[in-house]
Amino acid sequence: MRSKCAMAISSSTSRTQDLVPLLCLLLMAAAAPQHSCASPPLPVTLPGCPDKCGNISIPYPFGTKEGCFKPDFEVLCNDSFHPPRAFIQMAGAKITVDDTYYKTNEDGMPDNDIGSSEWPIELVDVSVSEGKARVLGAFSYDCKMNDTYHAVRRQEIDLGYWMPFSMSDADDVLMGIGSNVVAKQTSGPQCQSYLLYQLSTRKTDDPVNGSCSGQGCCSANLRSGGMAATEVTIQKNTKDDGGFYGDGVSCSYAMIVDKSWYNFSSPDVDSDAFLRRNAAGVPVVVNFSFGVDGCPNASEPTPDDFACVSNYSTCIERPPVLDNVSIPYFCSCSAGYEGNPYIHGGCQDIDECARPHMYPCYGGKCKNTPGDYECSCPAGTKGNAKQAPCTDLFPLPAKISVGGIGGLFLIALMVFVVLIRNEKRKMAEFFKKNGGPTLEKAKIIKIYRKEELTPILTRSNFIGRGAFGEVYKGLLDNQLVAVKKPIDGNVAQNDQFANEVIIQSQVIHKNIVKLIGCCLEVDKPMLVYEYLSKGSLDDILHGSSGVLLTLEQRLNIAAESAEGLAYMHSKTGKIILHGDVKPANILLNDCFTPKISDFGISRLIVIDKEQTDHIIGDRTYMDPVYLRDGILTDKSDVYSFGVVLLELISRKKATYSDNNSLVRSFLDAHKNQKEATELFDKEIAKPDVLKILASVYEIAVSCLNLDADERPNMAQVEASLLKLKADLGMIN
Ligand SMILES: *[C@@H]1O[C@H](CO)[C@@H](O)[C@H](O)[C@H]1NC(C)=O
Ligand SMILES: *[C@@H]1O[C@H](CO)[C@@H](O)[C@H](O)[C@H]1NC(C)=O
Ligand SMILES: *[C@@H]1O[C@H](CO)[C@@H](O)[C@H](O)[C@H]1NC(C)=O
Ligand SMILES: *[C@@H]1O[C@H](CO)[C@@H](O)[C@H](O)[C@H]1NC(C)=O
Ligand SMILES: *[C@@H]1O[C@H](CO)[C@@H](O)[C@H](O)[C@H]1NC(C)=O
Ligand SMILES: *[C@@H]1O[C@H](CO)[C@@H](O)[C@H](O)[C@H]1NC(C)=O
Ligand SMILES: *[C@@H]1O[C@H](CO)[C@@H](O)[C@H](O)[C@H]1NC(C)=O
Ligand SMILES: *[C@@H]1O[C@H](CO)[C@@H](O)[C@H](O)[C@H]1NC(C)=O
Ligand SMILES: *[C@@H]1O[C@H](CO)[C@@H](O)[C@H](O)[C@H]1NC(C)=O
């Protein structure tokens, strides 16, 4: 988080005039999708087994290859579909579909029995931690095609009896849709849906959208411990007293279905809309389980085929089946752990502190422990920070009364009141001075009160110091943030500051650090940014973090940083320059996605006129053309980025010195037609990737061209790096 920075708009006309069109352009810029990731991917399959079929995750005990699944959990991945689709391969698993045409108004004998066909059961997703999978089931229907014909389909889904799959009575229901229909599960529950014909109004009742309680839609709970072999039929589908049948094809439906999936809507009654929408089937939740003797108790040795093999996994019993003879179980990771309990080492500790949304620690000090986390209130405060913000050990009134005995008390109180009033007045003045009214009107950025930010500004939260000031880490609205508090330099005044803040808060790009809010009730406004857990690229490359980036990660960081810069250079219509591109200004999140920081902060600092030559920024990375002419262009950022590329491939610090800099060594090697190989970071310079490293080096050299016009622009640099990334993907 150490940073100096600069940003400039490439024309030198009055700034306030520039801001309006720029703001509009930025407002139009599309927001990048929220980027999130799990830091190290947890293993979900046995070693060497494919963990995906198309975009469906296939975790063990499921598997697509021999040796990769438990008995009955084989999955066929059929890649003749795009994306590929997964089908359950257990012997006997199938959906049987029976189609018949009936003639209306005759004796009820089938007119044309099409016969039955069988389909494989498609797997849609698996939730290992809950012991559940979702599959696509068929549904039964009875459709009046025209005045003479009914097309009737009966379906049966068969996943065997009880083991290992069973219908989840907690998630699935029997459901019927129609104006007069009985849906029935063979030797199971049934339900009736009916729309009453009102003689007085000569109309049928209206179905109620969103409600499935008998009017146009009915549902019934499954028998608990239900088998996965299930047949659903429509028992009758007649229209004896009213004219609800719409024009055209009119259908009634019966099915077993995931009850959270469907929201009843009246156009589905007596029409073929539902049939057309769900031709592929409807989702059904099945539990999967193991064993017949329940979980082994503590005194018993675990059976050889016990499924819960991971450390920190627990065994959970299902309801007994087969008339209480058999008790199946499934496995889950213990509390505080996550992953796949069915493989060795599958359950891993959850880093709760990295997920403050789910595991709050309100302003306390968060510490991850195996299976849990600690969250302690800072010294001088008390409470349970996991549940609510800590409170002062000695509340203000108590402090006052301790200090104020007799007359002293009164005097103290008066002084206190005056101080508070002064403070309040000052805060209001600052708020106005810093453009608060403008920002409040804009309503696009969070404006924090001084009290909300001051608890964060403690020594224990301090994480660094940059050109703008000190940086603190804290938790606001359950989100980790970095608060930047200016220390010296004058901050630009009034609406200019406000406008800068508005612009910055509108720049939404996955590779640019996001401004969340600010606090204006102080002399020098504080800014609140998203917090990036991995710190800066400079720390990672040269610090003691112990993290060694792979070539793939480095290429990714390079390409995505280039994307962020290219975005600011071009996509916003008006060029916004950074002016101080360097590893310390490239911050990394959990998944090492780079985000450029401090775009534009420098404009908030009115440059001290006495300062030697107006050049802000780090000379090590500074474009010599800019040093000579004093004119910052987009190609100056390109030059600086070239130095960053050299640093990425060499993991050597770039230093500013005439005879011994990183740039010098590389360029000398280039001039003398020598291989730069020995300058590459030994950790990544493996023989099969030397060509790729050499190409990165060539890109860097073109960025460092002393003729600025000859340098590529950031978009071209990004494209070249993306291509190298793809090339590397082919090698790995
Ligand atoms: C997989 O891809 C299909 C079609 O592209 C999409 O409808 C589905 O939601 C995707 N599933 C997942 C789990 O991403
Ligand atoms: C994959 O699906 C296609 C189209 O349904 C089918 O013809 C083919 O037999 C399937 N492949 C396998 C291996 O089942
Ligand atoms: C009714 O539909 C059936 C099946 O689609 C068709 O064979 C028949 O010719 C149709 N009859 C009339 C009168 O449209
Ligand atoms: C279902 O639909 C109704 C009305 O269309 C709506 O009010 C309700 O929020 C919906 N429920 C869900 C879970 O989508
Ligand atoms: C399926 O799992 C749910 C819990 O997720 C449980 O409530 C239900 O009883 C289970 N049903 C069967 C048949 O195992
Ligand atoms: C139910 O919602 C649909 C849209 O999903 C709408 O067309 C229909 O009129 C609604 N029916 C009732 C009775 O509100
Ligand atoms: C442990 O298992 C034994 C034998 O199966 C049984 O008798 C005993 O009740 C079990 N103990 C507990 C605590 O369930
Ligand atoms: C985890 O399990 C392995 C065996 O799979 C065992 O060697 C190891 O000691 C266990 N680790 C812990 C922390 O219990
Ligand atoms: C199975 O156990 C449940 C309660 O645990 C009991 O109500 C039921 O009668 C038992 N059924 C048989 C066949 O023993």
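Bear in mind that the values here come from a model prediction, so they are computed numbers and not experimental data. First listed ligand is number 1; within each ligand, the first listed atom is number 1.
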Under 4.0 Å from one or more heavy atoms of Lys132, ligand 5 contributes atoms 5 (O)

Can you tell which of Val135, Asn287, Asp158, Leu159 makes a side-chain contact (heavy atoms from CB on, under 4.5 Å) with Phe165? Leu159

Protein contact of atom 14 (O) of ligand 2 - nearest heavy atom, named by residue and atom, plus distance: Leu76 CD2, 3.6 Å

Does the SG-to-SG distance between Cys366 and Cys375 fall under 2.5 Å? no

Can you classify the ring geometry of Tyr342 versus Phe288 as parallel (below 30°), tilted (30 to 60°) or perpendicular (above 60°)? tilted

Which atoms of ligand 5 have any heavy atom of Met167 under 4.0 Å away? 13 (C)

Min over Asp172, Asp169, Leu222, Ile316 of heavy-atom distance to atom 13 (C) of ligand 5 lands on Asp169

Judged by non-hydrogen atoms, does Glu130 sit under 4.0 Å from ligand 5? no

Please determine, by modelled atom types, if Asp349 and Asn368 share a side-chain donor-acceptor pair under 3.5 angstrom. yes

Counting heavy atoms only, which part of Phe87 comes closer than 4.0 Å to ligand 2: side chain, backbone, both or neither? neither

Quick one: nearest non-hydrogen protein atom to atom 11 (N) of ligand 2, plus distance? Asn78 ND2, 2.9 Å

Short N/O distance, under 3.5 Å, between Asp171 and ligand 5? no

Side chains of Asn556 and Lys725: is there a donor and an acceptor less than 3.5 Å apart? yes

With no hydrogens and no angle check, is any side-chain donor or acceptor of Ser310 less than 3.5 Å from a backbone partner on Ser313? no

Can you sort out which atoms of ligand 5 are near Ser166, meaning under 4.0 Å from one of its heavy atoms? 12 (C), 13 (C), 14 (O)

Pull out every atom of ligand 5 sitting under 4.0 Å from any heavy atom of Pro319, numbered as shown with elements. 9 (O), 14 (O)

Judged on heavy-atom distance to atom 1 (C) of ligand 6, which of Asp268, Val208, Asn209 sits nearest? Asn209

If you count heavy atoms of other groups shown closer than 6.0 angstrom to CG of Asp293, is the number above 12? no

Out of all atoms in ligand 6, which are within 4.0 Å of some heavy atom of Pro207? Include the element for each. 13 (C)

Side-chain donor-acceptor pair present, Ser140, Arg153, cut-off under 3.5 Å: no

Are Ser252 and Asp142 close enough that a side-chain donor and a side-chain acceptor fall under 3.5 Å? no

Which of the ligand 5 atoms, numbered from 1, are nearer than 4.0 Å to a heavy atom of Arg318: 1 (C), 2 (O), 14 (O)

Numbering the atoms of ligand 2 from 1, which are under 4.0 Å from a heavy atom of Ser80? 1 (C), 2 (O), 3 (C)

Please check atom 7 (O) of ligand 2 for a protein heavy-atom neighbour under 4.0 Å. no

Just need the protein heavy atom nearest to atom 5 (O) of ligand 2, so name the residue and atom and give the distance. Phe81 CZ, 3.5 Å

Any donor-acceptor pair under 3.5 Å linking the side-chain atoms of Asp270 with those of Ser179? yes

